[in-house]
Amino acid sequence: MEATLKLTIADLECLPDDGNRYELIDGELFVSKAPGWRHQRTVMALGYFLEDHTRRTGKGIVAVGSGIIFDDHNGVI
(Lines give C-alpha, C1' and ligand atoms only; values in the text may rest on other atoms or scores of the structure.)
Protein backbone atom coordinates (compact mmCIF):
# COMPACT_ATOMS: atom_id res chain seq x y z
CA MET A 1 0.00 0.00 0.00
CA GLU A 2 1.41 3.37 -1.02
CA ALA A 3 1.13 6.31 1.41
CA THR A 4 0.19 9.66 -0.14
CA LEU A 5 1.57 12.88 1.32
CA LYS A 6 -1.08 15.60 1.69
CA LEU A 7 0.23 19.15 1.78
CA THR A 8 -1.23 21.89 3.97
CA ILE A 9 -1.49 25.68 3.85
CA ALA A 10 1.64 25.81 6.03
CA ASP A 11 3.50 24.00 3.24
CA LEU A 12 2.30 26.61 0.72
CA GLU A 13 3.83 29.39 2.81
CA CYS A 14 7.28 27.81 2.31
CA LEU A 15 7.10 27.99 -1.50
CA PRO A 16 8.97 30.77 -3.35
CA ASP A 17 7.36 33.99 -4.57
CA ASP A 18 8.46 33.34 -8.15
CA GLY A 19 5.45 34.45 -10.19
CA ASN A 20 3.89 31.00 -10.35
CA ARG A 21 0.47 30.21 -8.95
CA TYR A 22 0.56 27.48 -6.32
CA GLU A 23 -2.73 25.81 -5.39
CA LEU A 24 -3.67 22.97 -3.08
CA ILE A 25 -6.57 20.77 -4.05
CA ASP A 26 -7.28 18.03 -1.53
CA GLY A 27 -3.67 18.22 -0.35
CA GLU A 28 -2.17 17.90 -3.84
CA LEU A 29 0.03 20.73 -5.18
CA PHE A 30 -0.76 22.26 -8.58
CA VAL A 31 1.56 24.83 -10.16
CA SER A 32 0.65 27.11 -13.06
CA LYS A 33 1.83 30.38 -14.55
CA ALA A 34 0.40 33.59 -13.19
CA PRO A 35 -2.39 35.05 -15.37
CA GLY A 36 -1.47 37.46 -18.17
CA TRP A 37 -2.58 41.06 -18.70
CA ARG A 38 -5.63 40.22 -20.81
CA HIS A 39 -6.92 37.92 -18.10
CA GLN A 40 -6.25 40.52 -15.39
CA ARG A 41 -8.10 43.26 -17.33
CA THR A 42 -11.07 40.93 -17.85
CA VAL A 43 -11.17 40.05 -14.14
CA MET A 44 -11.13 43.74 -13.18
CA ALA A 45 -13.92 44.61 -15.65
CA LEU A 46 -16.05 41.78 -14.28
CA GLY A 47 -15.22 42.84 -10.72
CA TYR A 48 -16.35 46.43 -11.38
CA PHE A 49 -19.58 45.16 -12.94
CA LEU A 50 -20.31 42.86 -10.00
CA GLU A 51 -19.40 45.52 -7.41
CA ASP A 52 -21.82 47.97 -9.06
CA HIS A 53 -24.54 45.31 -8.95
CA THR A 54 -23.93 44.48 -5.28
CA ARG A 55 -23.98 48.14 -4.29
CA ARG A 56 -27.27 48.72 -6.11
CA THR A 57 -28.97 45.59 -4.74
CA GLY A 58 -27.27 45.30 -1.35
CA LYS A 59 -26.70 41.60 -2.04
CA GLY A 60 -23.38 39.80 -2.12
CA ILE A 61 -19.73 40.60 -1.59
CA VAL A 62 -17.19 40.99 -4.38
CA ALA A 63 -13.59 39.91 -3.81
CA VAL A 64 -11.21 40.08 -6.75
CA GLY A 65 -8.24 37.82 -6.20
CA SER A 66 -7.14 34.27 -6.47
CA GLY A 67 -7.16 31.83 -3.62
CA ILE A 68 -9.32 31.18 -0.62
CA ILE A 69 -10.50 33.95 1.66
CA PHE A 70 -10.50 32.97 5.32
CA ASP A 71 -12.86 34.60 7.80
CA ASP A 72 -11.73 34.63 11.44
CA HIS A 73 -15.19 33.64 12.67
CA ASN A 74 -16.70 31.37 10.04
CA GLY A 75 -13.85 29.48 8.37
CA VAL A 76 -13.77 29.64 4.58
CA ILE A 77 -16.07 32.10 2.83
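Keep in mind the model is a prediction, meaning the values are calculated, not measured. Values below: every heavy atom of this structure, side chains too, minus hydrogens, waters and symmetry copies.
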Handout entry: Single-linkage hydrophobic cluster, 4.5 Å side-chain cutoff, F30 and L7 together
Key = no

Distance-only donor-acceptor hits, side chain of residues 43-53, under 3.5 Å, sequence neighbours excluded:
residue	atom	partner	partner atom	Å
E51	OE2	R55	NE	2.9
E51	OE2	R55	NH2	3.4
D52	OD2	R56	NE	3.1
D52	OD2	R56	NH2	3.4

Problem - Joint hydrophobic cluster, L12 plus V31, side-chain heavy atoms closer than 4.5 Å - result: yes

Practice task
Decide whether L15 and L5 are clustered together by the hydrophobic rule: side chain heavy atoms of Ile, Leu, Val, Met, Phe, Trp, Tyr closer than 4.5 Å, transitively.
Solution key: yes

Practice task
Kindly determine whether D26 and K6 satisfy side-chain contact (heavy atoms from CB on, under 4.5 Å), including the steps that lead there.
Solution key: CA-CA 7 Å; D26 194 28; K6 292 208 175 210; 3.1 Å; yes

Practice task
Could you tell me the separation between the CG atom of D11 and the OH atom of Y22, rounded to the nearest 0.5 Å?
Solution key: 13.0 Å

